[in-house]
Amino acid sequence: MNLVKMFKLMATTAAQQVTVGGQAVIEGVMMRGANGYAVAVRRADNSIDIDVNPHVPLGRRKPIFKTPVLRGAAGLFEMMAIGMKSLEYSAQQAALDDPAEQEKRRKKGEVVDPHAPASNEPPMSKLALALTMAFSIGFGLFLFVAVPNIVTHFVGQFFVPEGQDFLEENSPIAYNLISGFVRILIIVGYIWAISLMPDVKRLFRYHGAEHKAVSAFEAGKELTVENVRPFTIFHPRCGTTFIAITLMVAILTFAVFARVLVMIWPEFNEFSFAARKAMLIFGHILLMPLVAGICFELLRLGGRFPRNPLLKVLITPGFWFQRLTVKDPDDTMIEVAIVSLKEALAIREPAPAAEAEAAEAAREPQAAVTA
């Protein structure tokens, strides 16, 4: 089956399928369904706290964001926002279980209820969320786009004759292959470093629980610990797989960009090295939403057609990367993932405005009678 047929099949069956996904958070799992997302967190007393959030996806609010490729870029930013809110909620629950935090509240004369939100920890405002996302994206682009590109220039000097410069605009494919390898080293090193932290090790186990629950749901199994436990901890639509695909697609996209830039703008070579390098890196950054959109489509295709040889080549490195970020969960973690997924699936689609107004009008006389 070729890619054109696969895209057509995706379009015709999308309305018939419920796509779920999630994210591991601190001592818990966030699951996202068609009409919202839920966060389930295991507390110190072994209970499970749940935060349910109805949410209409951007693609349903703005039809333009249903366009292939564009929907991937938009979905990535939307998922980042949801992920940060979910992490904030789980962090607040962890703080409430912290003995030091409880003692501090007792000293202030507060009644310590581990399941009551801390009065001094309001939800993240839209401005704070925007600033946090901007900082995270900026730091990520610097570390994974700018740094590999600059390092490659100096590493590449060992592969060219003395007195010559190793430039991206002159050798775009070789340059971006080396840059991609440097980027992989940075990402693997970063994941390895944080995996040494005990809390992150548990986060990776909740990541495995999330994958197991999603796989069981997609297989049509009843969501019980016994049914979910046998499923694999790896999943083709994992965000880690998305990173692996991004690494490969970025190499080709950036190489084409450098070649096309020189072809359509001959004066580019007349600028200083620093100016050319800055423009190339800035161009890479501008291309990242396009790269993300392409990778999103490939990831969806890979999840839908895992046996296709071409897509399997793209997805397989993602499974290698998942071995770094996904670990086997215990039954208590699987239980949390199941609770989160069930709550996310139970969220109903908001009624249209007209229906909501009619329902409100119908309730008003009854309220007047019972008042």
Side-chain angles (χ1 to χ4, degrees), residues 3 7 64-65 67-77 80 133-134 136-160 164-188 190 239 241-302 310-311 313-315 317-318 321:
L3 291 178
F7 271 115
I64 189 174
F65 291 113
T67 308
V69 179
L70 183 59
R71 64 186 171 191
L76 178 62
F77 287 104
M80 283 185 63
M133 284 186 61
S136 301
I137 293 171
F139 180 75
L141 290 173
F142 170 76
L143 188 60
F144 300 119
V145 177
V147 171
N149 191 287
I150 295 171
V151 169
T152 298
H153 173 73
F154 296 101
V155 172
Q157 295 301 116
F158 294 100
F159 301 96
V160 296
Q164 295 185 16
D165 283 331
F166 185 57
L167 302 175
E168 181 178 0
E169 54 269 33
N170 295 339
S171 306
I173 295 178
Y175 195 99
N176 281 284
L177 281 172
I178 297 175
S179 180
F181 180 72
V182 173
R183 195 173 293 115
I184 291 173
L185 291 179
I186 292 175
I187 292 175
V188 171
Y190 172 79
T241 300
F242 178 84
I243 293 174
I245 296 176
T246 299
L247 292 173
M248 293 183 285
V249 173
I251 291 172
L252 178 61
T253 305
F254 294 165
V256 170
F257 169 73
R259 179 63 71 191
V260 170
L261 181 64
V262 173
M263 289 176 57
I264 64 176
W265 191 17
E267 294 81 5
F268 174 80
N269 288 317
E270 298 176 6
F271 290 94
S272 66
F273 168 76
R276 296 200 311 274
K277 180 57 62 183
M279 284 187 279
L280 284 168
I281 292 175
F282 183 67
H284 291 182
I285 292 173
L286 292 180
L287 285 172
M288 285 309 298
L290 173 63
V291 172
I294 294 172
C295 293
F296 174 82
E297 301 300 335
L298 293 173
L299 195 64
R300 289 187 62 175
L301 286 171
L310 176 59
L311 294 171
V313 169
L314 289 171
I315 297 298
F321 263 65

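Residue indices begin at 1 and follow the sequence shown.
- Considering every non-hydrogen atom in both Phe242 and Ala292, the closest pair reads CE1-O, 3.6 Å.
- More than 12 heavy atoms of other residues, nucleotides or ligands shown are found within 6.0 angstrom of CG on Leu261.
- Between Glu168 and His153, every side-chain heavy-atom pair lies at or beyond the 4.5 Å cut-off.
- Using a 4.5 Å heavy-atom threshold, the side chains of Phe268 and Leu280 count as touching.
- Of all heavy-atom pairs spanning Val291 and Ala250, the tightest one is CG1-N, 4.2 Å.
- For CZ of Phe271, the number of neighbouring non-hydrogen atoms (other residues, nucleotides, ligands) closer than 6.0 Å is greater than 12.
- Taking Phe65 as the reference, nothing meets the ring pair (Phe, Tyr, Trp, His ring centres under 6.0 Å) condition, with sequence neighbours excluded.
- Phe257 has its side chain within reach of Leu287: a pair of non-hydrogen atoms, C-beta onward, lies under 4.5 Å apart.
- Note: Leu252 CG to Leu177 CG = 10.0 Å, rounded to the nearest 0.5 Å.
- The CD1 atom of Ile245 sits 5.0 Å away from the CG atom of Leu299 when rounded to the nearest 0.5 Å.
- Here the closest heavy-atom approach between residue Gly318 and residue Ala244 is recorded as CA-CB, 3.6 Å.
- Between the side chain of Ser179 and the main chain of Tyr175, no donor-acceptor pair closer than 3.5 Å is present.
- Applying the 6.0 Å contact sphere to CZ of Phe166 captures more than 12 heavy atoms from other residues, nucleotides or ligands.
- Taken to the nearest 0.5 Å, the CD1 atom of Ile187 stands 4.5 Å off from the CG atom of Leu247.
- The shortest side-chain heavy-atom distance between Thr241 and Phe321 does not fall under the 4.5 Å cut-off.
- Ile64 CD1: 12 or fewer foreign heavy atoms inside a 6.0 Å radius.
- Note on ring orientation: taking the six-membered ring where Trp is involved, the planes of Phe254 and His284 are parallel (angle under 30°, cut-offs 30° and 60°).
- With sequence neighbours left out, the ring pair (Phe, Tyr, Trp, His ring centres under 6.0 Å) criterion links Phe158 to no other residue.
- Within the 4.5 Å cutoff, side-chain heavy atoms of Ile150 are placed close to those of Ile281.
- One distance of note links CZ of Arg183 with CG of Leu143; it measures 10.5 Å at 0.5 Å rounding.
- Taking the side chain as every heavy atom from C-beta outward, Val182 and Ile186 approach each other to under 4.5 Å.
- For the pair Met80/Ile137, a side-chain contact is recorded, criterion being any heavy-atom separation below 4.5 Å from C-beta on.
- Using a 4.5 Å cut-off on side-chain heavy atoms (C-beta onward), Met288 and Phe144 make no contact.
- Residue Leu298 holds its CG atom at 12.0 Å from CZ of Arg300, rounded to the nearest 0.5 Å.
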- Task: Please lay out, stage by stage, how Asn269 and Glu169 fare under the test side chain to side chain contact (heavy atoms under 4.5 Å, CB included).
- Result: CA-CA 9 Å; Asn269 288 317; Glu169 54 269 33; 4.0 Å; yes
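- Rounded to the nearest 0.5 angstrom, Ile173 CD1 and Ile251 CD1 are separated by 11.0 Å.
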